[in-house]
Amino acid sequence: MSSTFGTLLKVATYGESHCKGVGAVLDGCPPGMALSEADIQPQLDRRRPGQSKLTTDRQESDQVTIFSGVENGVTLGTPIGMFVPNKDQRPDDYRAMRRIPRPSHADFTYQMKYGIRASSGGGRSSARETIGRVAAGAVVEKMLRLAYGVEIVAWVSAVSEIQADAVDVQHITRDRVDASPMRCPDPAATEQMAALVSRVKEEKDSVGGIVSCVCRNIPAGWGEPVFDKLEAKLAQAMLSIPATKGFEIGSGFAGTRLRGSAHNDPFKAAGNGLGTVTNNSGGIQGGISNGEPIVLRVAFKPPATIGLAQETVDFDGSPVTLEAKGRHDPCVVPRAVPIVEAMAALVLGDMALRQQARLQMKF
Ligand SMILES: Cc1cc2nc3c(=O)[nH]c(=O)nc-3n(C[C@H](O)[C@H](O)[C@H](O)COP(=O)(O)O)c2cc1C
């Protein structure tokens, strides 16, 4: 089922951009955890459109309602259903584009696959689908925080050619990230990024960027070799986010330029066990967490829908000049930050339950 993710902790998202609403059903969350909408809303607020002039002008308050799986403020262990209404749809913006597949969007491929597609707003391919992921991710994050002290923080580390300074992954906080309108903890880079995104928006164009993420306090032992290696599931989770084009863990592609002698992470005594001196592995070895922070990066392309004139063809192959209408993100990375955090939580929550299930049996 293509809209369901996870093994013991499963999330299914539902809804299109311009239907009545979107959301998720999270199945497998253990019983007995205090949970209310207030645990979920802050992450939805960080994802919602219209947060600043640097994002789309679509206005949605994205208020979540929990409609099952929680009674008297406590999880029952049954599926948790969450719903967010769509309010600010403007299907007319898409009328002119019904016969024209937007270059590098999903109109052409959805039409080829299903022979039909949502008539406006991108349907399931719209970033509104990610609301369900963020809602479910917030629940799982709470579970991981209470049970293990897990902390997940993502931030914008690049926009187009502008690279932010390296971040101290042991100490970066969401408050520091949110102090920047770009969600980039480097103030000088923030200024340049914001100026670029404003200019690009005025020019009716778009730019890409990179979201980095750290997951701290992950115990050693999470991850299921060989096909469900932790980095493999994280890669799948991240590359399922719309507009993603790349995934790196630890040293990533840059690691190829180092020798083994420089790249290896020597062990050291730490606490009751071992730690590593460096973390080029990004916290995962052999597909299993090693107790160090998990560090990953996700590349996002420039969003496809732009107001600038593009020469293309319609579904009949006739040449057309497309000047896309609608309210679109000139750069998705500030809003992608909570989505990356949510997908990391969903993978880690599932791996935590899978490891717990194995450890439960005593001989
Ligand atoms: C937070 C977020 C916001 C997005 N906003 C837009 C947008 O305003 N316009 C657009 O064309 N694409 C936007 N996208 C990307 C599209 O949903 C995506 O490019 C499209 O579905 C095609 O899928 P693909 O790029 O993964 O191949 C956004 C993605 C994210 C994560």
Side-chain angles (χ1 to χ4, degrees), residues 2-3 13 15-18 22 43-60 62 84 86 88-91 93-94 96-97 100-114 117-118 120-135 137 154-156 159 181-183 197 200-201 204-211 213 235-247 297-308 310 312 322-344:
S2 62
S3 287
T13 70
E16 290 86 37
S17 177
H18 287 182
V22 292
Q43 281 296 78
L44 290 177
D45 291 345
R46 297 174 82 221
R47 196 221 72 97
R48 79 175 181 83
Q51 289 175 61
S52 80
K53 293 226 168 331
L54 301 171
T55 65
T56 168
D57 297 323
R58 181 168 171 167
Q59 286 299 333
E60 294 280 3
D62 287 346
V84 168
N86 288 329
D88 187 18
Q89 303 106 313
R90 289 193 199 158
D93 285 347
Y94 289 82
M97 295 194 288
I100 308 169
R102 285 170 290 171
S104 293
H105 211 286
D107 306 329
F108 175 73
T109 49
Y110 268 60
Q111 189 67 38
M112 291 302 104
K113 183 172 181 64
Y114 298 104
R117 70 185 201 284
S120 63
R124 284 292 283 165
S125 77
S126 160
R128 289 211 55 78
E129 180 275 331
T130 63
I131 285 176
R133 303 166 185 239
V134 171
W155 64 96
V156 171
V159 167
M182 287 300 301
R183 296 219 158 86
V197 172
V200 157
K201 188 176 181 181
K204 300 182 178 177
D205 212 340
S206 64
V207 278
I210 300 175
V211 174
C213 180
Q236 184 195 349
M238 298 306 162
L239 292 175
S240 75
I241 302 172
T244 50
K245 283 289 172 212
F247 173 82
R297 282 174 298 285
V298 189
F300 288 84
K301 73 183 190 184
T305 316
I306 53 173
L308 263 185
Q310 298 175 86
T312 181
L322 174 64
E323 289 176 34
K325 297 262 175 313
R327 299 149 299 166
H328 294 281
D329 288 286
C331 178
V332 305
V333 286
R335 295 182 56 215
V337 160
I339 307 171
V340 166
E341 291 168 346
M343 292 313 295

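For ligands, and for the atoms within them, numbers begin at 1 and follow the listed sequence. Residues: numbered from 1 along the sequence shown.
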Colleague: So, 4.0 Å and heavy atoms of Gly122: is ligand 1 close enough to count as a contact?
Modeller: no

Colleague: What I'd like to find out is whether the side chain of Met97 reaches to under 4.5 Å of the side chain of Asp107, using heavy atoms alone.
Modeller: no

Colleague: With a 3.5 Å cut-off and no angle check, do the side chains of Ser3 and Arg124 form a donor-acceptor pair?
Modeller: yes

Colleague: Taking distance alone, with no angle check, do Asp329 and ligand 1 share an N/O pair under 3.5 Å?
Modeller: yes

Colleague: I'd like to check whether Ser104 has a polar contact with ligand 1, where a contact means an N/O of the residue lying under 3.5 Å from an N/O of the ligand.
Modeller: no

Colleague: Return the residue, atom name and 0.1 Å-rounded distance of the protein heavy atom closest to atom 31 (C) of ligand 1.
Modeller: Pro242 O, 3.4 Å

Colleague: Do the side-chain N and O atoms of Thr56 and Arg335 include a donor-acceptor pair separated by under 3.5 angstrom?
Modeller: no

Colleague: Counting both backbone and side chain atoms, is some N or O of Thr244 under 3.5 Å from an N or O of ligand 1?
Modeller: no

Colleague: Starting from atom 17 (O) of ligand 1, which protein heavy atom do you reach first, and at what distance in Å?
Modeller: Ser125 O, 2.9 Å

Colleague: For ligand 1, is there an N or O atom under 3.5 Å from any N or O atom of Thr305?
Modeller: yes

Colleague: Hey, are the side chains of Cys331 and Val200 touching, using non-hydrogen atoms and a 4.5 Å cut-off?
Modeller: no

Colleague: For ligand 1, find out whether one of its N or O atoms is nearer than 3.5 Å to an N or O atom of His328.
Modeller: yes

Colleague: For atom 30 (C) of ligand 1, what's the nearest protein heavy atom and its distance?
Modeller: Ala127 CB, 3.6 Å

Colleague: Would you say ligand 1 has an N or O under 3.5 Å from any N or O of Ala243?
Modeller: yes

Colleague: What's the shortest distance from atom 25 (O) of ligand 1 to any protein heavy atom, and which residue and atom give it?
Modeller: Lys301 NZ, 2.7 Å

Colleague: In the structure I gave you, are the side-chain heavy atoms of Phe300 and Val340 within less than 4.5 Å of one another anywhere?
Modeller: yes

Colleague: Which of the listed options, Pro103, Ala106, Pro334, holds the heavy atom that is closest to atom 22 (C) of ligand 1?
Modeller: Ala106

Colleague: Within the 4.5 Å heavy-atom criterion, are Met343 and Cys213 side-chain neighbours or not?
Modeller: no

Colleague: Do any heavy atoms of Ile339 fall under 4.0 Å from ligand 1?
Modeller: yes

Colleague: Considering heavy atoms of the protein only, find what lies nearest to atom 20 (C) of ligand 1 and give residue, atom and distance to 0.1 Å.
Modeller: His105 CE1, 3.5 Å

Colleague: Nearest to atom 28 (C) of ligand 1 by heavy atom, Val211, Val333, Val332, Thr130: which?
Modeller: Val332

Colleague: Among all protein heavy atoms in this structure, tell me which lies nearest to atom 13 (C) of ligand 1, with the distance rounded to 0.1 Å.
Modeller: Pro303 CB, 4.0 Å

Colleague: Show your working on salt bridge (charged side-chain N to carboxylate O under 4.0 Å, His left out) between Asp62 and Arg128 and close with a plain yes or no.
Modeller: CA-CA 10 Å; Asp62 287 346; Arg128 289 211 55 78; 2.7 Å; yes

Colleague: Are Thr244 and Met238 packed together at the side-chain level, in the sense that at least one heavy-atom pair is separated by less than 4.5 angstrom?
Modeller: no

Colleague: How about Lys325: does its NZ atom have over 12 heavy atoms from other parts shown lying under 6.0 Å from it?
Modeller: no

Colleague: Any non-hydrogen side-chain atom of Ile131 less than 4.5 Å from a side-chain atom of Arg47?
Modeller: yes

